[in-house]
S.K.: 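Sending over a structure as structure tokens; questions will come in a sec.
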Amino acid sequence: MAGNQNPFAAIFGDDPFGVGGAAGGGSQQRGPQVEFNSTEEFNKMKDKFTSMGKKAMIAVAIIAIIVIAVAYWWFHPPINVHSTDTWMFIGVFILLPLFLFLRARSRAYKNGTAKVGISAGKSKTFKTLSWIPVIVVALVVVGGVMSLSFFPGNAQKYANILTPADDEFTEDIQEVNYDEIPVIDRDSAMLLGNRTMGSMSDLVSQFEIAPTYSQINYKDHPVRVSPLGYADLFKWLQNREQGIPAYVIVDMTSQDAQVVRLDGDHSIKYSESEPLARNIDRYVQLKYPFYMFGEKSFEIDDDGNAWWICPVRDFTIGLFGGETISRAVLVNAATGECQDVAVEDVPQWVDHVYPSSLIIKQYNWHGMYTNGWLNSWLGQNGVVQTTPGTDGQPGYNYIAKDDDVWLYTGVTSATGDESIVGFVLVNQRTAEAHFYSCAGATESSAMQSAEGQVQNLRYDATFPILINVSDTPTYFMALKDNAGLVKKYAMVDIQSYQNVAVGDTVADTQKSYLSLIAANGSGSSGGAVSDAAVEASGVIKTVATAVIDGNSHFYVTLEGDDKIYDFGLPGMIEIVQYAAGDAITFKYVEGDPTCSAQAIEETKASAKVAADAAGQVSGQTDSSSAAASTDAEKTQQSAASDAKA
């Protein structure tokens, strides 16, 4: 049975109380409703209960208990008052049968049967007891209403579940190491991983790769990992004793994919493809029956051992509202050993505790209800939301930071226009959140801009990730062909998304982008110099000026050097101090046709100050020498006079 699926969704719908739709802003779908065709059918069912004797009722009760036990083992709903799965299970297997039974007994004692005599008192008692299931259902409905965002005081509670801190992008996000940029997305990782199975002839006929592909940091590298699974029920019967012998790991920077084999003691025994007791969802839920588990993830620790990370959900508003994560259960996929820890005690190697969908939902609560529920519908003052993806799903990606995986998404206004007001980063292990104010283009706009640069090739852009390039917030994305293979890379300036650089490699893209932002004056003034910058020095041969897109540029050539160096203003304002014939030393990034200057090592003003200081010292030395010379001459003259006398 697949994890996190509601076994009763087909009957009752995914959200019978409407909490998700009201609080999270999402739509709710309802399945077909159970109803009786007529009062006559209902009465026939009651008559069957009425005509039953004591032995028959005992037999029915025993059968009902067995059915309930088997149903509980198979569907394994959590035993928790905050779980809609629990109440659906109770409603279908307990409350409805109990209501029918009590009503039938009440009718039997009221009208009498061949085995039951008429008794008004017992009839009234059973009728009164039949209201207990109805009251329970009513209480659940009341609890659902108290979970809704419009219930007094709830809006502020929803807004405070995830509260991001306002931070400066250039101070908090360090310039990226280009050897650690994930250059492929999940779809490309799946394509590469699936192709590796072809080289494993002994595995390919028995196993298939699960579609999990969790992104984690492994040995300081962003990778995606996914376990193998049994190909079908017969393959499970043949291999269940040995377990699953491998998992796939795809390096998202080098695009290398490999199948990691596990020995007998470390093979995966607990997985999603297990149909019975070792099914990971059933195993962990029955082991912790009172926990409500969220979306699990497959990860590996620093030693390469396979684990399942199962977050424990908690609801803090009403009966079904204010979802968050309070604990996590770590399950060793080989031995079934479990570690039940609080969120703050989760080991550093774990990367996914808070599911991405929950983080998006929690931030949207914050953006919608910060100024109250009424404002979220009418004035919408300050109401923001995360940017949508290109497929109708929430738009987000992951970045590696501080040895953790952080979820990144843009933040736009409530109207959902094509611009962002900033972006948010959330740690998926601790839920630490940071907001960075930055006006610019949405991810989808940047993707279209990058695709426009190679429109003749018809490449598709992947959803971008956020990086820091020379203190400039930048979208980085891969460009894929129709086969899903990465062909080129693109960098897009978030604030000026018409600044697009495309290259065949990450290094080439970086050089072109640095040259572009420097030429357009959008780079930081006095900011960090790129690692790709090299030093040049010489005597200025010519200086020419031009205005491009409203920004001034100084184009400089050096004697004996055929390169043209572009000093963009205001970032390189120090260049105005120089003229032809002056010596200069600066750092630049290679480009074509111009090289973009990054920083002047020593400005002319500082050189002049140093020269003046050196001149003053030299003057003082000359004066001392002259004075000493004069004293010597006087001494010689005095000695000569004495000799004559």
Side-chain angles (χ1 to χ4, degrees), residues 169-170 173 175-176 178 181-188 252 356 360 363 384-399 406-413 415-425 435-481 484 486-506 508-524 549:
F169 174 80
T170 55
I173 306 298
E175 187 162 356
V176 68
Y178 291 94
I181 293 181
V183 298
I184 57 175
D185 60 358
R186 183 176 182 273
D187 292 338
S188 297
M252 301 186 69
S356 303
I360 295 295
Y363 185 80
V384 295
Q385 61 185 1
T386 57
T387 51
T390 56
D391 54 359
Q393 301 297 318
Y396 60 87
N397 213 324
Y398 307 101
I399 65 172
W406 294 68
L407 180 142
Y408 151 79
T409 182
V411 178
T412 186
S413 64
T415 57
D417 54 24
E418 292 300 314
S419 63
I420 63 170
V421 298
F423 42 87
V424 65
L425 294 181
F435 175 78
Y436 306 95
S437 178
C438 175
T442 61
E443 296 91 340
S444 58
S445 297
M447 293 167 66
Q448 294 172 4
S449 183
E451 291 170 351
Q453 293 292 106
V454 290
Q455 58 183 338
N456 58 311
L457 301 175
R458 297 183 180 180
Y459 291 161
D460 295 321
T462 61
F463 195 86
I465 63 173
L466 175 72
I467 61 174
N468 180 356
V469 180
S470 189
D471 287 347
T472 301
T474 301
Y475 289 131
F476 174 85
M477 65 199 79
L479 297 170
K480 302 190 299 183
D481 61 13
V486 175
K487 295 299 184 180
K488 289 181 178 292
Y489 306 95
M491 292 184 182
V492 182
D493 189 338
I494 291 180
Q495 296 171 308
S496 302
Y497 72 101
Q498 70 274 12
N499 293 339
V500 183
V502 176
D504 294 327
T505 65
V506 177
D508 291 342
T509 308
Q510 172 203 10
K511 291 179 180 179
S512 299
Y513 183 69
L514 287 171
S515 176
L516 183 66
I517 61 175
N520 291 330
S522 56
S524 62
D549 295 332

S.K.: Can the ring centres of Phe423 and Phe169 be said to be less than 6.0 Å apart?
M.R.: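 Ring-ring flag for Phe423/Phe169: true, centres closer than 6.0 Å.
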
S.K.: Would you name the heavy atoms of Val486 and Ala478 that are closest together and state the gap between them?
M.R.: CG1-CB, 3.9 Å

S.K.: Looking at Lys487, is its backbone amide N or carbonyl O close enough to the side chain of Asp481 to form a donor-acceptor pair, meaning the two atoms are under 3.5 Å apart?
M.R.: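 Such a contact is absent between Asp481 side chain and Lys487 backbone.
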
S.K.: List in chain and number order the residues that pass side-chain hydrogen bond (donor to acceptor under 3.5 Å, both in side chains) with Ser356, two or more places apart in sequence or in another chain; answer none if no residue qualifies.
M.R.: Tyr398, Gln428

S.K.: Provide the closest heavy-atom pair for Met477 versus Ala461 in the form atom of the first, atom of the second, distance.
M.R.: SD-CB, 3.7 Å

S.K.: Are the side chain of Thr386 and the backbone N or O of Ile360 linked by a donor-acceptor pair below 3.5 Å?
M.R.: no

S.K.: A side-chain contact here means heavy atoms from C-beta on lying under 4.5 Å apart; do Ile173 and Leu425 qualify?
M.R.: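 Touching, per the 4.5 Å side-chain cut-off.
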
S.K.: How far apart are the closest heavy atoms of Ile465 and Pro182, and which atoms are they?
M.R.: CD1-CD, 3.7 Å

S.K.: So, the side chain of Thr409 versus the backbone of Tyr396: is there a donor-acceptor pair under 3.5 Å, distance only?
M.R.: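 The answer is no, because no donor-acceptor pair under 3.5 Å joins these two groups.
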
S.K.: Taking atom CG of Leu407 and atom CG of Asn397, what is their separation to the nearest 0.5 Å?
M.R.: 8.5 Å

S.K.: Which heavy atom in Ile184 sits nearest to a heavy atom in Met252, and how many Å separate them?
M.R.: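 Distance-wise, the nearest heavy atoms are O-CE, 2.8 Å.
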
S.K.: Closest approach of Tyr497 and Ala441, non-hydrogen atoms and distance?
M.R.: CD2-CB, 3.4 Å

S.K.: What pairs with Tyr363 under ring-ring contact (aromatic ring centres under 6.0 Å, His included), at least two apart in sequence or on another chain?
M.R.: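 ring-ring contact (aromatic ring centres under 6.0 Å, His included) check on Tyr363 returns His366.
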
S.K.: Please name all residues satisfying salt bridge (Lys or Arg N to Asp or Glu O under 4.0 Å) with Asp187, sequence neighbours left out, ordered by chain then number.
M.R.: none

S.K.: Holding to side-chain hydrogen bond (donor to acceptor under 3.5 Å, both in side chains), I want the full list of residues that pass it with Asp185, two or more places apart in sequence or in another chain.
M.R.: Ser188, Lys480

S.K.: Which value, rounded to the nearest 0.5 Å, describes the distance between Tyr475 atom OH and Ile467 atom CD1?
M.R.: 12.0 Å

S.K.: If every non-hydrogen atom of Asn468 is compared with every non-hydrogen atom of Asp471, which pair is closest and at what distance?
M.R.: OD1-N, 2.8 Å

S.K.: Could you check whether any side-chain N or O of Thr474 sits under 3.5 Å from a backbone N or O of Met491, counting only pairs where one atom can act as donor and the other as acceptor?
M.R.: no

S.K.: Flag the pair Val469 / Phe476 as yes when at least one side-chain heavy-atom distance between them is below 4.5 Å, and no otherwise.
M.R.: no

S.K.: Would you find a donor on one side and an acceptor on the other, under 3.5 Å apart, between the side chain of Glu443 and the backbone of Gly410?
M.R.: yes

S.K.: Could you tell me which residues satisfy ring-ring contact (aromatic ring centres under 6.0 Å, His included) with Tyr459, sequence neighbours excluded, listed by chain and number?
M.R.: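 Applying ring-ring contact (aromatic ring centres under 6.0 Å, His included) to Tyr459 gives none.
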
S.K.: Could you walk me through whether Ser470 and Thr472 satisfy the side-chain hydrogen bond (donor to acceptor under 3.5 Å, both in side chains) test, starting with their C-alpha distance in whole Å, then the side-chain angles of each, then the deciding distance to 0.1 Å, before giving a yes or no?
M.R.: CA-CA 5 Å; Ser470 189; Thr472 301; 5.2 Å; no

S.K.: If you measure from CD1 on Ile420 to OH on Tyr436, what distance do you get to the nearest 0.5 Å?
M.R.: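 It is 13.5 Å, given to the nearest 0.5 Å.
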
S.K.: Is the backbone of Asn499 close enough, under 3.5 Å, to the side chain of Asp493 for a donor and an acceptor to pair up by distance?
M.R.: no

S.K.: For Thr505, enumerate each residue passing the side-chain hydrogen bond (donor to acceptor under 3.5 Å, both in side chains) test, keeping only those at least two apart in sequence or located in another chain.
M.R.: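 Only Asp508 meet the side-chain hydrogen bond (donor to acceptor under 3.5 Å, both in side chains) criterion with Thr505.
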
S.K.: Check whether any side-chain N or O of Thr412 sits under 3.5 Å from a backbone N or O of Ser419 as a donor-acceptor pair, and report yes or no.
M.R.: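 Indeed, once roles are kept as given, a pair shorter than 3.5 Å links the two residues.
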
